[in-house]
Amino acid sequence: MRRSTLVVAATLFILGLAILLFEVGQYQVISMLMVIVACIPIYYRYERKKLNIKELVLIAILTTTAVLGRFLFYMIPAITPMTAIIIISGICMGAEIGFLVGSLSAVTSNMLFGQGPWTPFQMFSWGLIGLIAGLPWIRRVLSKNYWFLVLYGILAGIFFSFFMDVWTVLSIDRYFSWTRYVALLVTALPYTISYCFANAFFSCLLLRAIQTRLQRILIKYDIK
């Protein structure tokens, strides 16, 4: 089993444990800590690799591009290329960089849109979207078939909306309620549909352009 798969399993296990804690009525601060802990394996593994300044610069460029995409479209609710850029980062650069770009884009863009207890949830959800897109067999499929890319963009939108609504429920009175959660999902349905459409559209629109430019950079600067 590849190490990236083990990392995914570890993060999902931690998330599952967090959900169990929600069920017994734990405070939202615990949920925040669990999401932060879920991010640690990815950063730890990446830090253990040999430092590559060129690769770090590339990550910074991808993160900046994603943040810029969120900023430029902030006037249009749920329409943003940020998630699509995170997905493409995973497809082109692999699971670890996909996670880093996703989580760093969340915390960086919130310097403009506002930091808060929701930031760790955004870091984990966007990071996981980039990570899964970068898993070896998934990235091969997504890079070759636009239909699967569209499907992944839709699923990413659904996951992000469903996951962030967990935080919304907890932020009300620190307890998780399935009734309130379902009500929030129904209320946010137009937003979720728009977000899914934006993910699918921008992923297909930007994939080849970003992929071509990244390949040139990787070859030119010998980044492996």
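FYI, side chains are in, hydrogens and waters are out, and symmetry mates aren't considered; it's all heavy atoms of this structure. This structure is a prediction, so every number in the text was calculated from the model and none was measured.
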F148 atom CZ, neighbour heavy-atom count above 12 within 6.0 Å: no
Closest contact, heavy atoms only, I59 versus L104: CG2-CD1, 4.2 Å
Cluster link Y195 to I76, ILVMFWY, side chain under 4.5 Å: yes
same_hphob_cluster(F163, I129) at 4.5 Å side-chain heavy-atom cutoff: yes
Geometric class of the F202/F73 ring pair [parallel <30°, tilted 30-60°, perpendicular >60°]: perpendicular
Parallel, tilted or perpendicular, as decided by the 30° and 60° cut-offs, for the rings of Y74 and F71: parallel
L142 CG to C92 SG distance, which is reported to the nearest 0.5 Å: 10.5 Å
L155 with I85, same ILVMFWY side-chain cluster at under 4.5 Å: no
Test item: Y181 side-chain N/O and F162 main-chain N/O as donor-acceptor pair under 3.5 Å: yes
Atom of R208, atom of Q211 and distance for their closest heavy-atom approach: NH1-OE1, 2.7 Å
F99 and F124 aromatic ring geometry - parallel, tilted or perpendicular at 30°/60° bounds: perpendicular
Least distance between heavy atoms, Q122 atom then N110 atom: OE1-ND2, 2.6 Å
Cluster overlap I79 with F113, hydrophobic side-chain contacts below 4.5 Å: yes
Same apolar cluster: I91 and L151, side chain cutoff 4.5 Å: no
Closest non-hydrogen atom pair, A106 against R70: O-NH1, 4.3 Å
Under 3.5 Å: donor-acceptor pair, side chain of T108, backbone of S105: no
Contact summary for I86 and V101, nearest pair of heavy atoms: CG1-CG1, 4.4 Å
